[in-house]
Colleague: 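Mind looking over this structure? Questions follow.
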Amino acid sequence: MKSYKAYCFDLDGTVYRGKNAIESAVRFIHKLQMEKLEYFFVTNNSSKTPEQLQKVLADINIETPTSRIYSSALTTAKYVDLHYKDANIFMIGSDGIRSALEAHGLNIIDTDEARPDVVVMGIDRTIDYMKLVKASLAVQSGAELIGTNEDIRFPAELGFIPGNGSFVHLVGNVAQAKPTFIGKPSPVMLEVIQQEYGFQKEEMVMIGDNYDTDILCGIRFGCDTIHVNTGVVSTELVLQKEQKPTFCVEDLSVF
Ligand SMILES: [Mg+2]
């Protein structure tokens, strides 16, 4: 493998599984840290703050500043700050997205206080009908609809449960509006890293276990990609795709 300047890692299924470290990935990240190469964590998890994700990484022996963690929540806030600075924002979501929006000093309102210019949606495990009504009406009145990520479902112990994308599409369908998504496979998170650090695309690589999010994110952005066979999508399935990753590996111990 050629040497890159910036290694962008997915988290779940790539660096850890649940609470368990994927040791080959941890060793690889230690190696990058020793060689002073740049590494970033790029995750669609919008329910945890960077501090909470930093703690999860510390628990598996990866010490990292929060500035290296790009969650879809954090990047959504950066994106809203960039494009809708003084806007009124109606949000549905948990701690992760709320604290990210607040950290940028963005104006979060309820729909009975003012007319929203933007509706931001991240995963909200207490979502109810009224929140969906408010979001749908706001978007019909002209608010932009932005979702932290498009994940339709994710695996839980008993089976698949609804992801944020399911709710964002629900609101989009009711309001007849096309949402903007920030999380992978949208290339926005890699674009933000590139802008902030001034990398060339060919200096960056996206590493992940999920073809439909991680690998497509890298492909749409236009950088090299590495698929690892340690998570949700097997190498066998990835090799059937028309657009293949630059590299397919069992795990990161080969590097
Ligand atoms: Mg993953």
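In this chain, residues are counted from 1 in sequence order. Predicted, not measured: the structure shown is a model, and the values here were computed from it. Start at 1 and go down the list; that is how both ligands and their atoms are numbered.
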Colleague: Got a sec, which pairs hit salt bridge (charged side-chain N to carboxylate O under 4.0 Å, His left out) with one end in residues 83-96, sequence neighbours left out?
Modeller: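 Found D81-K85.
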Colleague: So F9 and F41, would you call those rings parallel, tilted or perpendicular, with 30° and 60° as cut-offs?
Modeller: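 Tilted: the ring planes of F9 and F41 meet at 30° to 60°.
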Colleague: Salt bridge or not between K184 and D10? Use side-chain N to carboxylate O under 4.0 Å.
Modeller: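 Yes.
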Colleague: What residues, two or more places apart in sequence or in another chain, satisfy side chain to side chain contact (heavy atoms under 4.5 Å, CB included) together with Q195?
Modeller: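 Expected list: none.
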Colleague: Please list, chain by chain and in numerical order, all residues satisfying salt bridge (Lys or Arg N to Asp or Glu O under 4.0 Å) with D124, sequence neighbours excluded.
Modeller: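 Only K131 meet the salt bridge (Lys or Arg N to Asp or Glu O under 4.0 Å) criterion with D124.
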Colleague: Between E196 and K78 (salt bridge meaning N to carboxylate O under 4.0 Å), is one present in this structure?
Modeller: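 The answer is yes: the pair qualifies as a salt bridge.
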Colleague: Under 2.8 Å from the Mg ion (ligand 1), which protein N, O or S atoms are there? Could you list them by chain and number?
Modeller: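 Near the Mg ion (ligand 1), the protein supplies D10 OD2, D12 O, D209 OD1.
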